[in-house]
2 protein chains.
Amino acid sequence: MAPTSKVSSEKIVAKSLVDVVTERLEDAIVAGDLVPGERILEQVLANEMGISRGPLREAIRRLEGRRLLERKPNIGVRVAELSPERLNELLTVREALEGMACRIAATKMTDAEIQDLEKLLNAHARDVSSSSGYYQQSGDFDFHFRIAQSTGNEFLISMVTGDLYDLLRVYRYKSSTMGGRAEEALNEHKKIVAALAAHDPDAAEAAMREHISNARIHAKRAFEEAAAADKADAS
Amino acid sequence: MAPTSKVSSEKIVAKSLVDVVTERLEDAIVAGDLVPGERILEQVLANEMGISRGPLREAIRRLEGRRLLERKPNIGVRVAELSPERLNELLTVREALEGMACRIAATKMTDAEIQDLEKLLNAHARDVSSSSGYYQQSGDFDFHFRIAQSTGNEFLISMVTGDLYDLLRVYRYKSSTMGGRAEEALNEHKKIVAALAAHDPDAAEAAMREHISNARIHAKRAFEEAAAADKADAS
DNA sequence: TCGGTTTTTAGTGTAGACAGTTTGCAAAGT
DNA sequence: ACTTTGCAAACTGTCTACACTAAAAACCGA
């Protein structure tokens, strides 16, 4: 990386092994390499990663705090189980938080930022028509990310774009629960931007809530159908 | 509990040392024994607790995930710093989450539960008139706790009554930022209960939001005044 | 006396070893 | 055949020791 000139303008963050391991674990869970419900054997995983158990355990503790992992004393660590109920809970919380974020954004966002958002949406419109599927992923995240960011509320930002988002990503990989709503989502996004442009907090919050609420209902149904299909397969 | 026959029907939870240490640390932070900004020396603290550094470090990692502690690689661990901005951020998030909780409660709470809530309020009314100060503490918590609980949303509950609440408690001990609003708070609580009794989600959410918003504005002012006074003292 | 450089030292980061529990298996008893 | 009990292997929980990093102190030259 950065084979350019200069000394290397990269910030020397001096990440500790625990930080690295935490990220690797996180990615593994989110990517589905570690399936929900799966037991984690510390020694085995430590060997695979070429480290000792100490740092691994510390990384696990952190992810416990973020609810990606669950530990039972003297038994072991498991990847957090997924269920339609839990997904519904997550999205309800997200609805509350992002609704608030959008409300604040309506008062704080500059016109320049809103214009950027509109440009983003236009770019997304192309993806939708070409059904590249891109929009479902990072495109959607980008949209929500910018709104959260504009609040300037660090705590809120870290919840929406950090913890909560990671948790939701687990579901995305598990099945195609999210997505399949590209067109509707885009229209809802447009509505949100319109409210932001009008600097109308109430409308902005309502629009965001409706957007996430729709996603919640859609995801819930899709998840339950997928679960039913799984069950049928097992017969 | 259960001093009856049989061997002992108590659940043997077998908490690990890390669990115990986590709680002790948490209490120490919340109680103000560990002041915000204070550096924590692992070896020293481990000696004081009579344990080794391993479990202590794991406990610290957990509290990092909950944002009560902050670690800089190769530097050390500090108790999370407090600031009016941060408090404001916290309470904004709380407003969003508890507002949502209250909305759901309006549809889910049974009439029996609502009556209990009313009883609770009457009991509180006495405390307020006798200015025992009790209400500011566990009484208020109890009220909010019951509403969150009634949603049945485990994730939401754990945020409101767990993580967020702990964070806020740090501020309560630091200064008298919270409180001094017993009478107003009681009236606001009454308004919330009325909305719940009417099973009106919109009104319930609005009442809870107003309640927390008032607390936020009050706390912000109190905190800033206290900070200003501290500064004056230093002269 | 001051600025910069080297040395020291305290503290974090990591690894490895040991102890305590749990669980699965197998053998014995009913 | 089925339950029970004892054993053994495996894994988690904890502690100790060592390596590495960064801040502080001492030192030297101007």
Side-chain angles (χ1 to χ4, degrees), chain A residues 7-8 10-26 28-29 34-81, chain B residues 6-26 28-29 34-81:
Chain A
V7 189
S8 135
E10 283 153 58
K11 225 186 290 180
I12 301 164
V13 270
K15 269 195 241 181
S16 79
L17 227 199
V18 177
D19 294 324
V20 177
V21 172
T22 304
E23 282 175 25
R24 272 187 73 177
L25 263 180
E26 202 179 331
I29 295 170
L34 258 38
V35 264
E38 181 178 347
R39 174 137 180 240
I40 291 179
L41 299 186
E42 296 178 353
Q43 191 59 62
V44 174
L45 196 56
N47 288 343
E48 279 177 18
M49 290 186 166
I51 58 170
S52 80
R53 280 177 55 219
L56 175 61
R57 281 178 63 93
E58 291 185 24
I60 289 173
R61 292 293 187 189
R62 269 219 272 208
L63 294 180
E64 273 181 61
R66 293 172 59 183
R67 296 185 175 73
L68 277 172
L69 294 176
E70 289 169 356
R71 158 170 256 137
K72 283 184 186 171
N74 289 315
I75 304 290
V77 182
R78 309 187 86 85
V79 181
E81 202 69 65
Chain B
K6 288 295 169 83
V7 190
S8 137
S9 59
E10 281 153 58
K11 227 186 289 178
I12 300 163
V13 269
K15 268 195 242 180
S16 81
L17 189 51
V18 177
D19 293 325
V20 177
V21 172
T22 304
E23 282 175 25
R24 275 186 71 177
L25 263 180
E26 200 179 331
I29 295 169
L34 258 37
V35 257
E38 181 178 347
R39 174 139 180 238
I40 290 179
L41 300 187
E42 295 179 352
Q43 192 60 63
V44 174
L45 196 56
N47 289 342
E48 279 177 17
M49 289 186 167
I51 58 169
S52 82
R53 278 176 57 221
L56 176 62
R57 280 176 64 95
E58 291 186 22
I60 289 173
R61 292 294 187 189
R62 269 219 211 142
L63 294 179
E64 272 180 62
R66 294 173 57 184
R67 298 188 173 73
L68 278 171
L69 294 177
E70 289 168 356
R71 158 170 257 134
K72 283 184 186 170
N74 290 313
I75 305 289
V77 182
R78 310 188 85 88
V79 181
E81 201 70 66

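Here is how names work: the chains are called A, B, and so on, in the same order as the sequence lines, proteins then strands, and each is numbered from 1.
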Item checked: Closest to side chain of Arg39(A), choosing from dT12(C), dC15(D), dC11(D) -> dC11(D)

Notebook entry, point to check: Closest to the Glu42(B) side chain: dT12(C), dT22(C), dT14(D)?
Noted result: dT12(C)

Over how many whole Å does the gap from [X] atom [atom1] to [N] atom [atom2] extend?
X        : N       : atom1 : atom2 : result
Ile40(B) : dT12(C) : CD1   : P     : 10 Å
Leu69(B) : dT12(C) : CG    : C1'   : 15 Å
Arg61(A) : dT12(D) : CZ    : C1'   : 10 Å
Glu58(A) : dT12(C) : CD    : P     : 12 Å
Leu56(A) : dG13(D) : CG    : P     : 12 Å
Asn74(A) : dG13(D) : CG    : P     : 6 Å
Asn47(B) : dT12(C) : CG    : P     : 12 Å
Lys72(A) : dG13(D) : NZ    : C1'   : 18 Å

Notebook entry, point to check: Gln43(A): what forms a side-chain hydrogen bond (donor to acceptor under 3.5 Å, both in side chains) with it, not counting sequence neighbours?
Noted result: Asn47(A)

Item checked: Closest-nucleotide 5' rank along DNA chain C - winner of Ile75(A) and Pro55(A) -> Pro55(A)

Grab the two heavy atoms, one from [X] and one from [Y], that are nearest each other, plus how far apart they are.
X        : Y        : value
Ala80(B) : Pro36(B) : O-CB, 3.4 Å
Leu17(B) : Pro55(B) : CD2-CG, 4.1 Å
Thr22(B) : Val18(B) : OG1-O, 2.6 Å

Item checked: Distance-only donor-acceptor test, Arg71(B) side-chain atoms vs dG13(C) base atoms, 3.5 Å -> no

Report which part of the nucleic acid [X] touches: base, sugar-phosphate, or nothing (heavy-atom distance under 4.0 Å, all strands).
X        : result
Ile60(B) : nothing
Leu45(B) : nothing
Val18(B) : sugar-phosphate

Next item on the list: Please tell me if the side chains of Leu45(A) and Leu25(A) come closer than 4.5 Å, counting only heavy atoms from C-beta onward.
Entry: yes

Item checked: Heavy-atom side-chain proximity of Leu69(B) to Val79(B) below 4.5 angstrom -> yes

Report, one line per pair, each donor and acceptor closer than 3.5 Å where one atom sits in a side chain of residues 59-67 of chain A; sequence neighbours left out.
{"from": "Arg61(A)", "atom 1": "NE", "to": "Glu58(B)", "atom 2": "OE1", "distance (Å)": "2.8"}
{"from": "Arg61(A)", "atom 1": "NH1", "to": "Glu64(A)", "atom 2": "OE2", "distance (Å)": "3.2"}
{"from": "Arg61(A)", "atom 1": "NH2", "to": "Glu58(B)", "atom 2": "OE1", "distance (Å)": "3.2"}
{"from": "Arg62(A)", "atom 1": "NH1", "to": "Glu64(B)", "atom 2": "OE1", "distance (Å)": "3.2"}
{"from": "Arg62(A)", "atom 1": "NH2", "to": "Asp19(A)", "atom 2": "OD1", "distance (Å)": "2.5"}
{"from": "Glu64(A)", "atom 1": "OE1", "to": "Arg62(B)", "atom 2": "NE", "distance (Å)": "3.4"}
{"from": "Glu64(A)", "atom 1": "OE1", "to": "Arg62(B)", "atom 2": "NH2", "distance (Å)": "3.4"}
{"from": "Glu64(A)", "atom 1": "OE2", "to": "Arg71(A)", "atom 2": "NH1", "distance (Å)": "3.4"}
{"from": "Arg66(A)", "atom 1": "NH2", "to": "Glu26(A)", "atom 2": "OE2", "distance (Å)": "3.3"}
{"from": "Arg66(A)", "atom 1": "NH2", "to": "Asp166(A)", "atom 2": "OD2", "distance (Å)": "2.5"}
{"from": "Arg67(A)", "atom 1": "NH2", "to": "Ser158(B)", "atom 2": "OG", "distance (Å)": "2.8"}

Note to self: Looking at dG13(D), I'd like to know if its phosphate oxygens (OP1 or OP2) sit under 4.0 Å from a side-chain N or O belonging to Arg57(A).
What the structure shows: yes

Check: Is any side-chain N or O of Arg53(B) closer than 4.0 Å to OP1 or OP2 of dC15(D)?
Finding: no

Output a table of nitrogen or oxygen pairs between the protein and nucleotides 6-10 of chain C separated by less than 3.5 Å.
none

